[in-house]
A.B. asks: 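A single structure is presented below for examination.
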Amino acid sequence: MTFPKGFLWGGAIAANQAEGAYLEDGKGLTNVDLLPIGAKRRDIMKGNVPSLKPLEGEFYPSHEAIDFYHRYKEDIALFAEMGFKAFRLSIAWSRIFPTGEEETPNEKGLQFYDNLFDELIKHNIEPVVTLAHFDVPVALIEKYGSWRNRKLVTLFEKYAKTVFNRYKNKVKYWITFNEINMLLHLPFLGAGLVFREGDNIEQIKYQAAHHQLLASALAVKAGHEINPEFKIGCMLAAGTFYPYTCNPEDVFQAMKKDRESFFFIDVQSRGAYPGYAKRFFEDNGLKIQMEPGDEEILKEGTVDYIGFSYYSSRTTSTDPEVVKNMTSGNVFGSVSNPYVAKSEWGWTIDPKGLRITANQLYDRYQKPLFVVENGLGANDVPDENGEINDDYRIDYLRRHIAELKEAIKDGVEIIGYTSWGPIDIVSASTGEMKKRYGFIYVDRHNDGSGTLERRRKKSFFWYKNVIATNGEDLGLPSSSTSTVYRS
Ligand code: BG6
């Protein structure tokens with residue numbers, strides 16, 4: 001009744017937040033290459049995109065990121081030193097098909113991931129590969145309006161088949177779309193959607209969602225044909241909504257909020273649109289264009305496991321007074337929960353919420369779960385000796401992993417845990433380097449300065465021990481009530 005043998009301990013990154021080399025070796029420009037650090041970022045992520053080219057006078061930290069593209073061997077050696085069993089990464093679609101539409105794939109892009117997977121395999125680390133972690137080739141946004149157009153389904157299927165065929169003997173675990181429900185909240189980030197005046201935004205978002213769901217199902221189907229051993233999962237930005245009070249209105253609202261996200265996974269895991277989604281479309285005058293055969297595709301392309309990220313639980317209320325007190329920082333609007341702490345960036349810290357979320361997902365889908373992201377973004381400052389004593393991170397992770405263990409005892413099947421950003425990378429929501437998640441410190445800063453040198457933090461040694469004991473020894477509770485926590 002604890003972490004099973006072969007549990008996939010490790011870490012997770014995304015191509016655009018780590019690789020850098022944003023136009024190297026033939027890579028095409030993508031939506032995520034157009035996200036500057038600073039005031040304009042949030043608006044662009046929402047779909048108010050002033051230009052499909054980088055803007056003059058703005059800084060784009062992801063263009064160089066932490067230069068994982070050239071330093072992956074050194075980084076993987078550090079992951080191996082921690083004893084990683086798995087490493088989650090994403091393939092940049094535009095390294096393989098720079099404009100999304102080439103007849104033949106870009107060999108240099110394919111070769112890069114070949115080398116990367118070989119390096120992982122050399123260290124007995126299982127690659128877990130996301131096909132789309134928030135990236136769409138800009139050429140497809142210009143030509144088709146990105147996922148609002150059904151054309152993307154075929155192009156994505158071609159991309160998926162290309163990488164499945166190429167890596168079928170190196171990669172077993174796949175994820176189709178990272179945090180597929182992000183599309184509803186940050187549509188340019190999640191799906192490359194750009195809005196113009198007069199657009200029916202809800203209609204466009206749900207049509208794009210249908211296309212991503214189709215593309216996901218077609219990829220799952222193709223993957224299983226290419227290699228029946230493949231395990232292909234979906235990926236939800238999870239975190240159960242709590243009702244602020246036991247007022248039935250609040251309870252119902254919490255259920256509705258959860259369903260906004262479950263909607264995607266219901267389709268990907270059960271293979272059909274749920275009744276509540278059909279009602280939502282009707283009530284809101286949304287007409288999802290489907291072609292004959294779409295329902296069969298969704299039915300035939302259901303996932304093998306449920307991947308999810310968990311950072312925070314969420315809270316909702318129908319009381320206008322309560323709703324005034326929202327937490328800052330979190331993409332998913334949430335009322336402030338008085339019972340839990342918050343991170344420096346205002347993200348709720350609720351370890352028990354991970355147990356609740358895991359139980360809820362398992363009850364609903366009865367498929368193995370994979371925690372593919374969890375972690376604490378904090379501003380680590382090296383001390384006078386250059387050491388990073390990140391007790392607050394150890395404390396966060398320790399308490400979350402302890403709750404995961406409880407979920408396993410509850411009977412939930414969990415196959416792995418890859419913490420987010422095992423090495424510091426660029427933050428997706430803010431573009432900052434300062435928001436660090438790593439066990440490995442990278443000397444790079446918000447303004448692009450720094451040597452890119454890597455350094456082990458205190459948590460590096462802690463996590464190494466967690467993996468070595470298969471989660472049995474989570475270390476002592478940290479006595480630190482560091483400045484990173486504020487309630
Ligand atoms: C998830 C994403 O939303 O959260 C990652 O899949 C992201 O790409 C992570 O980096 C943490 O968020 P942030 O904004 O702190 O980087």
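Both counts, for ligands and for their atoms, begin at 1 and track the order of listing.
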A.B. asks: Got a sec, which residues hit salt bridge (Lys or Arg N to Asp or Glu O under 4.0 Å) with E142, two or more places apart in sequence or on another chain?
C.D. replies: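 Not a single residue meets the salt bridge (Lys or Arg N to Asp or Glu O under 4.0 Å) criterion with E142.
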A.B. asks: For ligand 1, output the ligand-protein N/O contacts shorter than 3.5 angstrom; if there are none, return none.
C.D. replies:
from: ligand 1; atom 1: 3 (O); to: E179; atom 2: OE1; distance (Å): 2.5
from: ligand 1; atom 1: 3 (O); to: E179; atom 2: OE2; distance (Å): 3.0
from: ligand 1; atom 1: 4 (O); to: Y311; atom 2: OH; distance (Å): 3.4
from: ligand 1; atom 1: 4 (O); to: E373; atom 2: OE1; distance (Å): 3.3
from: ligand 1; atom 1: 6 (O); to: H133; atom 2: NE2; distance (Å): 3.3
from: ligand 1; atom 1: 6 (O); to: N178; atom 2: ND2; distance (Å): 3.0
from: ligand 1; atom 1: 6 (O); to: E179; atom 2: OE1; distance (Å): 3.4
from: ligand 1; atom 1: 6 (O); to: E373; atom 2: OE1; distance (Å): 3.1
from: ligand 1; atom 1: 6 (O); to: E373; atom 2: OE2; distance (Å): 2.8
from: ligand 1; atom 1: 8 (O); to: Q17; atom 2: OE1; distance (Å): 2.7
from: ligand 1; atom 1: 8 (O); to: H133; atom 2: NE2; distance (Å): 2.8
from: ligand 1; atom 1: 10 (O); to: Q17; atom 2: NE2; distance (Å): 2.8
from: ligand 1; atom 1: 10 (O); to: W420; atom 2: NE1; distance (Å): 3.1
from: ligand 1; atom 1: 14 (O); to: S427; atom 2: OG; distance (Å): 3.2
from: ligand 1; atom 1: 14 (O); to: S429; atom 2: N; distance (Å): 2.8
from: ligand 1; atom 1: 14 (O); to: S429; atom 2: OG; distance (Å): 2.5
from: ligand 1; atom 1: 15 (O); to: K435; atom 2: NZ; distance (Å): 2.7
from: ligand 1; atom 1: 15 (O); to: Y437; atom 2: OH; distance (Å): 2.5
from: ligand 1; atom 1: 16 (O); to: S427; atom 2: OG; distance (Å): 3.3
from: ligand 1; atom 1: 16 (O); to: A428; atom 2: N; distance (Å): 2.8

A.B. asks: Ring centroids only, cut at 6.0 angstrom: are F156 and F177 within range, meaning strictly under it?
C.D. replies: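 So the answer is yes for these two rings.
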A.B. asks: Taking the ring of Y167 and the ring of F117, is the distance between their centroids below 6.0 Å?
C.D. replies: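 Close enough - the centres of the two rings lie under 6.0 Å apart.
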A.B. asks: Students often mix this up, so state it plainly: with edges at 30° and 60°, are the rings of F84 and F79 parallel, tilted or perpendicular?
C.D. replies: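 F84 vs F79 ring planes: parallel.
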A.B. asks: Who are the salt bridge (Lys or Arg N to Asp or Glu O under 4.0 Å) partners of K352, not counting sequence neighbours?
C.D. replies: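 Salt bridge (Lys or Arg N to Asp or Glu O under 4.0 Å) check on K352 returns nothing, list empty.
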A.B. asks: Just jot down the ring pair (Phe, Tyr, Trp, His ring centres under 6.0 Å) partners of Y72, sequence neighbours excluded, or say none.
C.D. replies: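 Checked Y72 against ring pair (Phe, Tyr, Trp, His ring centres under 6.0 Å); matches are F112.
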